[in-house]
Amino acid sequence: PESVYSLMGLFWTGKAPSQIHYHLQYIPLKQIPRDSAEAFSDWLRDRYYAKDALLNHCYAEGQFPS
């Protein structure tokens with residue numbers, strides 16, 4: 001998708017996707033590690049892995065998991 005719907009395409013050619021899907025999740029502040037930069041970095045990397053897994057599922061199945 002990023003090769004078709006780039007920021008340049010959105011702003012200069014007006015080419016936009018027909019649908020946009022959002023996945024929101026509430027994360028309480030106390031669940032975010034703040035003791036060290038390494039702990040926070042690990043937590044954030046795990047969030048990106050979870051995001052990538054959701055996107056892979058969405059691309060393969062055409063929708064987010066229930």
Side-chain angles (χ1 to χ4, degrees):
E2 61 272 3
S3 63
V4 176
Y5 300 115
S6 65
L7 284 177
M8 185 174 179
L10 288 171
F11 290 113
W12 296 105
T13 65
K15 190 176 188 180
S18 59
Q19 294 181 2
I20 298 174
H21 299 265
Y22 292 93
H23 176 81
L24 303 175
Q25 180 182 7
Y26 173 75
I27 301 171
L29 189 57
K30 61 183 171 184
Q31 288 185 5
I32 301 172
R34 295 177 282 158
D35 299 337
S36 71
E38 183 179 355
F40 176 74
S41 197
D42 291 344
W43 176 85
L44 188 58
R45 186 174 23 264
D46 289 343
R47 300 304 313 145
Y48 272 91
Y49 289 152
K51 183 256 321 168
D52 288 343
L54 281 172
L55 285 175
N56 287 337
H57 183 278
C58 187
Y59 294 144
E61 304 295 328
Q63 63 186 17
F64 285 110
S66 297

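Every heavy atom of this structure was used, including side-chain atoms; hydrogens, water molecules and symmetry mates were not.
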Undergrad: Run through the side-chain heavy atoms of Ile, Leu, Val, Met, Phe, Trp and Tyr, join any pair under 4.5 Å, and report what else lands in Leu54's cluster.
TA: Phe64
Undergrad: Ignoring hydrogens and angles, write down the donor-acceptor pairs under 3.5 Å from the side chains of residues 30-44, residues two or more places apart or on other chains.
TA:
{"residue": "Ser36", "atom": "OG", "partner": "Ala39", "partner atom": "N", "Å": "3.0"}
{"residue": "Asp42", "atom": "OD1", "partner": "Arg45", "partner atom": "NH2", "Å": "2.6"}

Undergrad: Hey, any chance Leu24 and Tyr26 share a hydrophobic cluster, counting ILVMFWY side chains that come within less than 4.5 Å of each other, even indirectly?
TA: no
Undergrad: For Ala50, enumerate each residue passing the side chain to side chain contact (heavy atoms under 4.5 Å, CB included) test, keeping only those at least two apart in sequence or located in another chain.
TA: Arg47
